[in-house]
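Predicted, not measured: the structure shown is a model, and the values here were computed from it.
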Amino acid sequence: MDPLALTLIELGAVVFCLGLLARLAGRIGMSPIPLYLLGGLAFGAGGIVKLEGMHEFAHLSGEIGVILLLLMLGLEYTAAELFTGLRRSWQAGVLDLVLNFLPGAVLALFLGWGGVGAMVMGGVTYISSSGIAAKVITDLGRLGNRETPVVLSILVFEDLAMAVYLPILTATLAGVSFLGGLTTVGIALAVVSLVLMVALRHGHRVSKAVHSENSEVFLLNVLGAALLVAGIASAMQVSAAVGAFMLGIAISGATAHNATRILEPLRDLFAAIFFVAFGLNTDPTSIPPVLGWALVLAVITAATKMLTGIWAAKQAGIARPGRLRAGAALIARGEFSIVIAGLAVASGAVTDELAALATAYVLLMAVVGPLAARYVEPLVKPLLRPVGLAAKA
């Protein structure tokens with residue numbers, strides 16, 4: 001068959017199936033991310049049917065998906081909100097980092113994957129899914145709850161931590177020297193600081209540069225700027241994803257709101273292809289041997305995220321049910337964990353087992369997180385009612 005025809009047929013079939021999976025996820029009240037990953041596993045190496053024609057397109061689309069995910073995450077915040085969130089949440093953020101980075105790093109060292117594997121797995125287990133957490137909070141009508149600002153502050157801290165972590169990870173995976181690594185980190189920190197300063201003082205000018213009343217022109221401006229900044233960031237040995245995130249922060253006000261509205265369908269499409277592409281590159285037969293370790297990590301890091309949320313909410317004077325809701329909202333892992341694992345796999349610096357473990361772990365946590373957030377309150381209320389705590393939520 002003609003290669004172009006084969007690619008179009010496979011791409012059309014994949015996108016159509018993604019729509020069916022997203023509809024199924026919506027009906028059962030869960031994130032579609034696990035289903036996208038399973039779809040990729042089913043049609044990749046070692047799967048039911050191997051797709052030969054769309055790998056190159058899937059790779060490029062996946063990169064665009066990561067850029068759009070991070071761009072729209074940045075659009076959710078202004079520079080001032082980031083600084084405010086950092087001041088409020090730095091203690092909880094440090095506790096979150098220690099409690100949730102260590103389990104993945106320690107397991108990687110135990111399995112003999114070395115320092116690089118430890119750095120990758122530590123990042124995979126550390127970062128909560130901002131997308132899943134935000135969707136769960138919205139779907140459950142908890143935006144006005146007292147614990148929600150606590151949760152959002154911790155997520156902001158994690159996002160800022162990623163702005164430092166990803167360049168370090170990129171340098172480590174590239175095998176650069178210690179001095180080269182310090183140079184990369186220094187450049188990354190300088191770029192992040194510069195963008196934050198520009199966003200604080202000249203954010204309105206950045207917004208004006210990309211804004212247009214014509215939706216077509218606006219879409220082209222924002223998307224073009226995101227890809228351009230991501231490419232420049234990558235050329236400077238700073239993660240392309242971080243470049244897109246910082247551009248999102250620099251765009252503010254009504255422009256940010258309109259950009260979110262216009263880009264959302266594109267983000268959903270390319271992000272879905274990104275998760276599928278990651279699944280395509282993971283052999284499903286490699287998952288059963290590491291499934292036990294994935295379950296161990298899931299139990300441990302669900303508990304550590306709960307502890308983080310409970311402690312942070314307690315410091316804010318929130319009652320026990322609110323503390324439990326805060327902890328449960330942080331459990332889910334998703335897009336960032338797969339981004340980290342994807343960077344590691346693409347570099348060839350880690351084993352296939354690590355990719356399989358990361359996939360199995362994210363599958364578990366992306367399912368368990370929303371379920372825990374939904375059912376933690378009904379489960380604990382009967383236990384709290386006798387001591388009069390349920391009414392204080």
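With hydrogens and angles ignored, the 3.5 Å screen pairs a side-chain donor or acceptor of Thr148 with a backbone N or O of Arg142. Distance alone, capped at 3.5 Å, places no donor-acceptor pair between the Arg325 side chain and the Val376 backbone.
For the side chain to side chain donor-acceptor pair (under 3.5 Å) test, no residue two or more places apart in sequence or in another chain qualifies with Arg27. For Asn221, there are no side chain to side chain donor-acceptor pair (under 3.5 Å) partners, not counting sequence neighbours. Taking the side chain to side chain donor-acceptor pair (under 3.5 Å) definition, one finds that Glu213 meets it with His211, sequence neighbours left out.
Rounded to the nearest 0.5 Å, atoms CD (Glu264) and CG (Leu68) are 11.5 Å apart. Between the CG atom of Leu357 and the CG atom of Leu107 there is a distance of 6.0 Å, given to the nearest 0.5 Å. For the atom pair CD1 (Ile331) and CE (Met365), the distance works out to 6.0 Å, reported to the nearest 0.5 Å. Here the straight-line distance linking atom CG of Leu24 with atom SG of Cys17 works out to 12.0 Å at 0.5 Å rounding. Here CD1 of Ile338 is found 14.0 Å from OH of Tyr36. Values are rounded to the nearest 0.5 Å. Distance check, rounded to the nearest 0.5 Å: NE2 of His257 to OG1 of Thr260 gives 7.5 Å.
Applying the under-4.5 Å side-chain rule to Ile, Leu, Val, Met, Phe, Trp and Tyr, the cluster around Phe16 extends to Leu20. Leu295 shares a hydrophobic cluster with Leu364; the chain of contacts runs through ILVMFWY side chains whose heavy atoms sit under 4.5 Å apart.
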Compile the donor-acceptor pairs under 3.5 Å between side chains in residues 297-312 and protein atoms, sequence neighbours left out, one pair per line.
unit_1 : atom_1 : unit_2 : atom_2 : d
Thr301 : OG1    : Leu297 : O      : 2.6
Thr301 : OG1    : Tyr361 : OH     : 2.8
Thr304 : OG1    : Asn100 : OD1    : 2.5
Thr304 : OG1    : Ile300 : O      : 3.3
Thr304 : OG1    : Thr301 : O      : 3.0
Lys305 : NZ     : Asp96  : OD1    : 2.9
Lys305 : NZ     : Asp96  : OD2    : 3.4
Lys305 : NZ     : Tyr126 : O      : 2.8
Lys305 : NZ     : Ser128 : OG     : 2.9
Lys305 : NZ     : Glu158 : OE2    : 2.6
Thr308 : OG1    : Thr304 : O      : 2.9

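Cluster annotation: Leu330 is not connected to Leu99 through the hydrophobic network of ILVMFWY side chains, with a link wherever side-chain heavy atoms come within less than 4.5 Å. With hydrophobic clusters built from ILVMFWY side chains whose heavy atoms lie under 4.5 angstrom apart, Trp113 does not share a cluster with Leu109.
Glu147 and Asn145 are linked by a side-chain donor-acceptor pair at a separation below 3.5 angstrom, with hydrogens and angles left out of the test.
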